[in-house]
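These numbers come from the heavy atoms of this one structure, side chains and all, not from hydrogens, waters or symmetry mates. For clarity, every value in this text was computed on a predicted model and none was experimentally measured. As the structure lists them, so they are numbered: ligands from 1, and atoms in each ligand from 1.
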Amino acid sequence: MAQARRPRTLRVLHVAAELYPWVKTGGLGDIVAALPPALLAQGIDARLCLPAFPAFLDAFHLTDAVRLATPFAAERVRVALATPPGSKIAAYLVDHPPFYDRSGGPYGSADGRDWPDNHRRFALLAWAAAALAGGADPNWRPDIVHAHDWHAGLAPAYLKAEAAPAAASVFTVHNLAYQGSFPAGVFPELSLPAGFYGLDGVEFYGGVSFLKAGLAYADRLTTVSPTYAREIQTPEFGEGLDGLLRLRADALTGILNGVDPTVWDPAHDDALPQPYDIETAEAGKAAAKAELRRRLHLFEGDAPVFGVVSRLSPQKGLDLLLAALPDLTAGGGQLALLGSGDRDLETGFAEAAAAQRGTVGVEIAYDETLARLVIAGADCIVVPSRFEPCGLTQMYALRYGTLPLVRRTGGLVDTVVDATPARLRDKTATGFMFEPATAEALAATIEWASAQYRNRASWRQMMRQAMTRDFSWAQSARQYAALYREVVG
Ligand code: ADP
């Protein structure tokens, strides 16, 4: 009798520019750290392909290396295999110091300007991924290249440029607003076939878009929530790419991000004065709130604290919060904001804090430890985004028993249950939502949340409900694994 064949373990190479905790500018770094281990638990053999930024080279133990001939350097480029400390996921580091060994951020200098050679820096990353698919490492060859965001957008294009692509490709959009757009003049430097510069290729409004390359050439597309997957097919959210996304609707899926419980767990969080679980949440959160108030010079008392941990960018809608701030404080609330980015918003919030000491506390910084204290110590986390592909802070907040107050958009819709009278009655509510992107709508919802806050029994019930929501990566990883199996047939 013929023996049943066991399905071979699928090999998936994740190509990305960030990996928490070494390189992170936003949610992407968290996801690239959490998804591959979750895939491993689903029987997927996952590896990473990253630029060899100094933070990785300093921290990782490097082992084998291969050398690649590429169009981006006269010499062969070393691709080293490395093991991130504490991780089971091996990473290929594309080690070309003239491209990646710079102080500053992964995409630009410390003063916020993009590196002028970003097209070459991220073309090389994608090229290396395609070369690994082509067998550059004789010991490990991926079946699927999974590219994340525009930084990896050319990987599907390089694969498709071959007569017989060496691997299938999946492209995940973590944020459609960041497109990796360059002038048309860079195209010859990318070593793509001439025909790839066209309407159905990488050309976008007379330039080159790395994001569009991923959208056009990947076998499958995903984004990070079901609602955002629908929204980006409309002109309002499509950033000029909604036509292409509608064309590729059959290839597009929304898979919600998860929360890594080894990183975000109030019961094991060193940043908190008194870690807590669902049973001890009231005392633990009270201790965190007191500590947060000390840190940001807020008055003690029974005022609800509205917290923010965010990039200060137009996307995040914090201009709406700045405009609604007089209502927030007039209603007896306090603000604890941690963020950095847009200069006008930084100044606006800093001035509000100076004018309302004790009621408005602001720290203009990027600070992982304080972020945890805000998420644990606040009563509500405010996420007034104009658009939000998935959003992680509201999911972290739910786990920490802090109720999200969010705009009705993208992944916020998929993760928060609005405290309408009906949802309060059936005890499923976990947060608060407003719809129009106006300060008035936000202020009205802050007022509603403040009123709910004074109803302690109902608030406690919402906290419990929030803390029991399951946003495990296992669920997301199962969906990715199913997609991988489909794409390789
Ligand atoms: P985005 O990726 O658009 O910035 P997400 O909500 O998906 O938004 O992810 C944001 C991540 O960055 C979260 O982990 C959040 O805690 C973190 N973060 C944002 N701003 C700061 C800050 N100023 N200090 C520390 N962490 C921050």
- prompt: When you look for heavy atoms under 4.0 Å from ligand 1, do you find them on the side chain of Ser310, its backbone, both, or neither?
  reply: backbone
- prompt: Which bit of Gln394 gets closer than 4.0 Å to ligand 1, counting heavy atoms only: side chain, backbone, both or neither?
  reply: neither
Pairs satisfying salt bridge (Lys or Arg N to Asp or Glu O under 4.0 Å), at least one member in residues 259-278, at least two apart: Asp265-Arg399, Asp269-Arg372
field: Nearest heavy-atom neighbours spanning Ala17 and Pro51
entry: CA-CD, 4.0 Å
query: How does Asn175 reach ligand 1, if at all, at less than 4.0 Å between non-hydrogen atoms: by side chain, backbone, both, or neither?
result: neither
field: Output field: ring centroids Trp150/Phe122 closer than 6.0 Å
entry: yes
task: Give the atoms of ligand 1, by number and element, whose distance to some non-hydrogen atom of Ala365 is under 4.0 Å.
output: 22 (C), 23 (N)
statement: Going by the 4.0 angstrom heavy-atom rule, the piece of His174 near ligand 1 is neither
query: Is the closest basic N to carboxylate O distance between Glu388 and Arg407 below 4.0 Å?
result: no
message: For atom 1 (P) of ligand 1, what's the nearest protein heavy-atom neighbour? Residue, atom name and distance, please.
response: Lys316 NZ, 3.5 Å
task: Decide whether Tyr178 and Glu239 meet the rule of one side-chain donor and one side-chain acceptor closer than 3.5 Å.
output: no
- request: Measure the distance from atom 9 (O) of ligand 1 to every protein heavy atom, then report the residue, atom name and distance (to 0.1 Å) of the closest one.
  value: Gly27 N, 3.3 Å
Sidechain N-carboxylate O distance under 4.0 Å for Arg386, Asp319: yes
field: For Asp30, atoms of ligand 1 separated by under 4.0 Å from a heavy atom
entry: 14 (O)
statement: Under 4.0 Å from one or more heavy atoms of Asp367, ligand 1 contributes atoms 24 (N), 25 (C)
query: Can you list the ligand 1 atoms lying under 4.0 Å from a non-hydrogen atom of Thr393?
result: 6 (O), 15 (C), 16 (O)
- prompt: What about Lys24: any of its N or O atoms under 3.5 Å from an N or O on ligand 1?
  reply: yes
task: Flag Trp264 as yes when one of its N or O atoms lies below 3.5 Å from any N or O atom of ligand 1, and as no otherwise.
output: no
query: Can Asp418 and Arg423 be counted as an ion pair, charged N to O under 4.0 angstrom?
result: no
task: Give yes or no for whether the N/O distance cutoff of 3.5 Å, strictly under, is met between Glu368 and ligand 1.
output: no
message: Enumerate the salt bridge (Lys or Arg N to Asp or Glu O under 4.0 Å) contacts for residues 434-450, please, sequence neighbours excluded, ordered by first and then second residue.
response: Arg408-Glu435
- prompt: In the protein, which heavy atom is nearest to atom 21 (C) of ligand 1, and how far is it?
  reply: Tyr366 CE1, 3.5 Å
- line: For Ile31 and Pro36 the tightest heavy-atom approach is O-CD, 4.0 Å
message: I need the contact type for Leu392 against ligand 1. Using non-hydrogen atoms and a strict under-4.0 Å cut-off, is it side chain, backbone, both or neither?
response: both
message: Would the distance check show the side chain of Thr223 and the main-chain N or O of Ala229 forming a donor-acceptor pair, the cut-off being under 3.5 Å?
response: no
- prompt: Under 4.0 Å from any heavy atom of Ala371, which atoms of ligand 1 are there?
  reply: 25 (C), 26 (N)
